[in-house]
2 protein chains.
Amino acid sequence: MADHGRTKNRKDRIMDAALRIFAEKSFQEATIAEISKEAGVSEATVYEYFGTKEDLLFAIPEKITNDTFEESQAVLPYIKDVEGRMRAILLSYIQLYQNNPHYSALVLLQLMSNKRFRQTAAHEAIRRSAHNLLDCIREGIANGTFRSDADAYLIRSMLMGAIEHLFIHWHMQGKPKRDKTIMDMLDPFLEIVFNGIRAKKEQQGLTIHLNLQDTRALGEILQNGSMLKSPAQDVKPAPNMKQKNKQKTY
Amino acid sequence: MADHGRTKNRKDRIMDAALRIFAEKSFQEATIAEISKEAGVSEATVYEYFGTKEDLLFAIPEKITNDTFEESQAVLPYIKDVEGRMRAILLSYIQLYQNNPHYSALVLLQLMSNKRFRQTAAHEAIRRSAHNLLDCIREGIANGTFRSDADAYLIRSMLMGAIEHLFIHWHMQGKPKRDKTIMDMLDPFLEIVFNGIRAKKEQQGLTIHLNLQDTRALGEILQNGSMLKSPAQDVKPAPNMKQKNKQKTY
DNA sequence: AATACTTGACAGTGAGACTATGATGATATA
DNA sequence: TATATCATCATAGTCTCACTGTCAAGTATT
């Protein structure tokens, strides 16, 4: 293969450059000329690999999704606890965005670009997560974990919407608005949602006397007890959690 | 004003046509030629009113926002109850989208179009809602309505994110995915969130028996009461999209 | 009717997506 | 070493579309 001395393969170099430029400017404003220059290849080479500018746009999240998202989904079937499984789904979702800072911008660009978006791997991945979540919620309702009157669609939108909202804000305002990462918020977040939709159950075992006027004390008890810190604590975090950041390109 | 027999003023006709075409296609795919034809006006006239295609894109949500959003915000200061005020903010937010079906698409187009978005009335309206919400949440935390350890930013993202998520899905799948409107979901939604973040109080003086092994039960008991009404709408599977595929362009 | 203003038709410019083609030089194979 | 192959590049050219400029014709106001 004639590489003219360049090490990394051209297709990747083009996608890297395009990712940066698309995210920084916008689809209209980015030109193939600029992308090819940034990638150190000729314009014709871009067209060799990607038939159209739009193909290029669609290829990038496709690759990221296939590279980083798929494997993190593999553990899901082994998590029997509904809440733990939901946590794992959201975690992989968050990691997908977190590890690829420009990803959300690109996905939005695609979304707005045209109807083709529905056929992409990125959309498929999101769709599948959404579907899995819905199943979990229904399962939780069916087995009594969640209230029987809970609206599964609504709860799913709460879960995914909040995360997307956090990332969109992140994207719009430049990252470090706060010291807490979105990952840090996952458990408090889930606690609130689960808190709001858990079915009331009977209690067995120890009984204690509480004076319910003392709200503070109650709050302490609630948060220090094992239960309310994320029920999924023992669930092993999805594989690529170490934040390795394989290439700084993204 | 020379109107050549047309009644409605040209500027509005152009914006109407543009709103439809931008939302249906996308920014790139919509051409000024088509918009002007749809509006029954010459191409030059479009440029008379709107200097550039992008100006046209930005002018539309600007108008809608100013027309319909501002007044709905006027009542807010008079609602003293924190939760009631939060509900009102979200309600006006939902109405903004609901009354203008193409609005969300246009706002997203703007968002992705470029950085100018931050100076638009649409963005300003959203920003102000977001800000008001944050204030409400903080006030609720301060006055003991909400748990003291609640994360105000997170809660805001839950509230706004869920609504935006519902609308984006709505936009992507063609409207009537379900019989319930997004407005119908507002109260069940708020119930879950408030449920999850309300400070545990009331039940003054009552002593009850609790099992600390099942912390869930503790939470339930504390939150139990009036708010769990939400009629159990049985979940029906989403009638999956009609796959109409209006244009085979791609 | 006279003047001021608005609109339309049309021609033209420039940017940028995309194509076609032939030259170049690295690599594989004989 | 010689030859074939193939990725890449450079260049030139086509086409679509945003956008401009001009002028004639219509309408409003006086």
Side-chain angles (χ1 to χ4, degrees), chain A residues 1-60 106 109-110 112-116, chain B residues 1-60 106 109-110 112-116 247-250:
Chain A
M1 207 181 284
D3 196 32
H4 291 269
R6 269 62 162 261
T7 49
K8 197 174 179 187
N9 102 48
R10 286 158 197 279
K11 192 170 181 180
D12 283 343
R13 285 217 316 275
I14 294 169
M15 285 202 277
D16 287 351
L19 175 60
R20 252 173 289 132
I21 294 177
F22 277 143
E24 174 189 330
K25 308 197 151 183
S26 71
F27 186 71
Q28 306 86 295
E29 286 163 11
T31 68
I32 296 290
E34 186 183 2
I35 292 170
S36 64
K37 194 177 155 200
E38 172 102 358
V41 296
S42 84
E43 207 167 328
T45 307
V46 174
Y47 285 104
E48 194 121 341
Y49 287 110
F50 309 94
T52 70
K53 188 183 175 187
E54 211 189 61
D55 285 342
L56 177 54
L57 171 67
F58 276 74
I60 299 169
L106 269 269
L109 280 183
Q110 282 191 352
M112 289 295 93
S113 169
N114 69 19
K115 310 300 185 253
R116 255 181 72 185
Chain B
M1 203 182 287
D3 197 31
H4 290 268
R6 269 62 163 263
T7 50
K8 198 174 179 186
N9 103 47
R10 288 161 195 279
K11 192 169 180 179
D12 284 343
R13 283 219 316 276
I14 294 169
M15 285 202 277
D16 286 351
L19 176 60
R20 253 174 288 130
I21 293 177
F22 277 143
E24 176 188 331
K25 308 196 152 186
S26 71
F27 186 71
Q28 306 88 305
E29 286 164 10
T31 68
I32 297 291
E34 185 182 3
I35 292 171
S36 65
K37 194 177 155 198
E38 172 100 0
V41 151
S42 89
E43 206 167 328
T45 307
V46 174
Y47 286 103
E48 195 121 341
Y49 288 109
F50 309 94
T52 70
K53 189 184 175 186
E54 207 187 66
D55 285 342
L56 177 54
L57 171 66
F58 276 75
I60 300 169
L106 269 270
L109 280 182
Q110 282 191 352
M112 289 294 93
S113 166
N114 69 17
K115 309 300 183 254
R116 257 181 71 187
Q247 345 209 26
K248 52 79 213 332
T249 346
Y250 286 97

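In the text below, chain A, chain B and the rest are named by the order of the sequence lines, each starting its count at 1. Here the structure is a predicted model, which means the values were calculated and not measured.
A/Tyr49 has a side-chain polar atom (N or O) that falls below the 4.0 Å cut-off from OP1 or OP2 of D/dT8. Remark: A/Arg10 is in phosphate contact with D/dC9, judged by side-chain N or O atoms under 4.0 Å from OP1 or OP2.
With rounding to whole Å, A/Glu43 atom CD is found 14 Å from D/dT14 atom C1'. The NZ-C1' distance, from B/Lys25 to D/dT16, rounds to 14 Å in whole Å. Atoms CG (A/Asn9) and C1' (D/dC6) sit 16 Å apart, rounded to a whole Å. Atoms CD1 (B/Ile14) and P (D/dC19) sit 14 Å apart, rounded to a whole Å. B/Leu56 places its CG atom 10 Å from the P atom of D/dC19, with the value rounded to the nearest Å. Here the P atom of nucleotide C/dA15 and the CD atom of A/Glu29 are 16 Å apart, to the nearest Å. Atom CD1 in B/Ile32 sits about 6 Å away from atom P in D/dC19, given to the nearest Å. Atom-to-atom, CG of B/Asp55 to C1' of D/dC19 comes out at 12 Å; the value is rounded to the nearest Å.
Nearest nucleotide to the A/Tyr47 side chain, out of C/dA17, C/dT7, C/dA9: C/dA17. Comparing C/dC18, D/dC17, D/dC9 by their nearest atom to the side chain of A/Lys53 picks out C/dC18. Looking at the side chain of B/Thr31, the nearest of the listed nucleotides D/dA10, D/dC17, C/dT7 is D/dC17.
With hydrogens and angles ignored, the 3.5 Å screen pairs a side-chain donor or acceptor of A/Thr52 with a backbone N or O of A/Asp55. Of the possible polar contacts, one joining the A/Lys53 side chain to the A/Ala30 backbone as a donor-acceptor pair under 3.5 Å is found.
Nucleotides of DNA chain C nearest to A/Ala44 and B/Ala44 differ in position, and the one nearer the 5' end is that of B/Ala44.
Summarising the geometry, atom CZ belonging to A/Phe22 is positioned 4.5 Å from atom CG belonging to A/Leu56; distances are rounded to the nearest 0.5 Å.
Listed here is the closest heavy atom pair of B/Ile21 and B/Glu34: CD1-CG, 3.8 Å. Taking every heavy atom of both residues into account, A/Leu57 and A/Leu106 meet most closely at CD1-CD1, 3.5 Å.
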